[in-house]
Number of protein chains: 2
Amino acid sequence: MRKLAAELGISATTIYWHVGGRDDVVAALIERQSERLSDAAVTGTNPRERVASAARNVWTTALAHPNVTRLAYETGYSAKLELPLEISLARELVAAGLDPTRTRDALRGILYSIGGFLVMALRPPDAVPADRTSTALWGSVDDPAIPARTRDRITEPPDLDQLFERTMSALIDSILAR
Amino acid sequence: MRKLAAELGISATTIYWHVGGRDDVVAALIERQSERLSDAAVTGTNPRERVASAARNVWTTALAHPNVTRLAYETGYSAKLELPLEISLARELVAAGLDPTRTRDALRGILYSIGGFLVMALRPPDAVPADRTSTALWGSVDDPAIPARTRDRITEPPDLDQLFERTMSALIDSILAR
DNA sequence: GCCGTTTCTTGAACACTGTTATAGTGGCCC
DNA sequence: GGGCCACTATAACAGTGTTCAAGAAACGGC
């Protein structure tokens with residue numbers, strides 16, 4: 001707050017008078033950003049492609065605005081920020097012919113999985129020191145059932161985008177197969 | 001720190017002298033807990049079941065100890081806490097015949113998805129006020145492409161355990177199918 | 001032009017974090 | 001008893017978000 005005020009050349013209390021507490025500032029910021037996100041286009045000519053596209057939009061949009069996304073996540077405004085994209089995804093699931101319950105379960109399942117990927121991708125670099133990372137810890141794993149070559153491979157971080165695509169494909173295939 | 005010290009009937013500085021800073025206290029706590037978690041049994045008679053079991057262990061163990069899991073997550077010690085269960089999961093993937101790269105990708109894909117579910121399931125109740133929840137926000141969604149009945153269904157939270165099982169099945173099927 | 005009210009701005013302060021510097025207190029060995 | 005060591009506690013520092021009370025500025029009525 002003080003830092004933000006200093007950057008604006010005003011006093012912290014002025015922000016409190018005009019906008020409100022930290023929470024209100026964040027809320028206003030998220031509100032603005034959310035409106036800008038509403039127009040991510042869904043592409044594809046069949047349900048599979050279109051659902052995948054809508055899901056990918058959540059992922060790429062978040063990656064394109066890491067700071068806002070982090071801030072929203074840390075303050076509990078993720079849902080507000082993502083809502084337009086959630087709606088977009090829900091539309092495609094409905095269009096694919098899913099009934100209400102399956103639509104909800106598909107929507108939530110996809111969103112939760114995306115959330116997991118985003119948590120990994122967007123964590124502030126200083127939140128987890130390098131030596132507490134899973135990849136780092138695997139370096140000293142010595143298990144007879146796990147070949148050294150596999151162990152070393154696990155030490156290297158995966159290609160997040162590729163992994164995301166594959167994971168989504170698996171999920172969506174399963175959802176639309178029924 | 002002060003609160004913990006008061007609970008123990010000592011002064012905060014005493015903790016600093018004996019254990020160290022907050023980070024050291026958390027690290028010691030996680031270390032202890034991690035040892036207890038190492039012996040979650042993997043069940044099943046075929047790769048599919050055994051991988052699913054190892055993945056489920058991560059999920060159920062975290063749900064069984066929400067406070068430690070949250071603390072570990074917030075302080076960047078998640079990997080340290082979960083490592084035994086990650087190893088257990090990797091063992092099953094190797095046993096299923098996956099090569100090093102596929103093992104890594106499968107491991108990470110599964111873990112990231114579980115992470116997303118855990119974030120949703122374990123968030124401290126006060127972190128996200130009820131009116132910022134996705135389910136709450138969907139209550140006021142009015143989209144011509146989404147039937148009211150579907151909209152209302154999305155308003156209700158899904159069965160997390162069931163959704164977890166289905167999501168894992170889809171992922172594991174896809175991983176082992178190649 | 002002056003006065004009074006409302007609108008705005010501000011420095012100081014509060015409560016709360018994690019952390020540390022300083023000043024001790026107690027016990028042990030020689 | 002003297003000197004050293006292990007340990008404890010009080011007070012303070014720096015950093016959050018937030019509020020209070022006191023002013024400065026703008027505005028309107030006479």
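In what follows, every chain begins at residue 1, and chains take the letters A, B, ... in the order their sequences are listed.
- The interatomic distance linking A:L4 (CG) with D:dT18 (C1') rounds to 15 Å, in whole Å.
- Taking a cutoff of 4.0 Å between a charged side-chain nitrogen and a carboxylate oxygen, A:E156 and A:R153 qualify as a salt bridge.
- Remark: B:T14 is in phosphate contact with D:dA9, judged by side-chain N or O atoms under 4.0 Å from OP1 or OP2.
- Computed from coordinates, the B:E74 CD to C:dG18 P distance equals 12 Å when rounded to whole Å.
- In this structure, B:I15 atom CD1 and C:dT17 atom P are separated by 13 Å, rounded to whole Å.
- One interatomic measurement links the two molecules: CH2 of B:W17 to P of C:dG24, which rounds to 20 Å at whole-angstrom precision.
- Between the OH atom of B:Y16 and the C1' atom of D:dT10 there is a distance of 15 Å, rounded to whole Å.
- Straight-line distance from the CE atom of A:M1 to the C1' atom of D:dG17: 8 Å, rounded to whole Å.
- In this model, the phosphate group of D:dA6 is not approached by any side-chain N or O of B:H18 to a distance below 4.0 Å at OP1 or OP2.
- Side chain of B:T14 to backbone of B:I10: no donor-acceptor contact under 3.5 angstrom is found.
- Taking all atoms of both residues into account, the shortest heavy-atom contact from A:T69 to A:H65 is OG1-O, 2.7 Å.
- Within 3.5 Å, a donor on the side chain of B:R2 pairs with an acceptor on the base of C:dT17, or the reverse.
- A cation-pi arrangement, defined by a distance under 6.0 Å to the six-membered ring centre and an angle within 45 degrees of its axis, is present between B:R132 and A:Y77.
- The phosphate of C:dC16 (OP1 or OP2) has no side-chain N or O of B:K3 nearer than 4.0 angstrom.
- Between A:I10 atom CD1 and C:dT10 atom P there is a gap of 7 Å when expressed in whole angstrom units.
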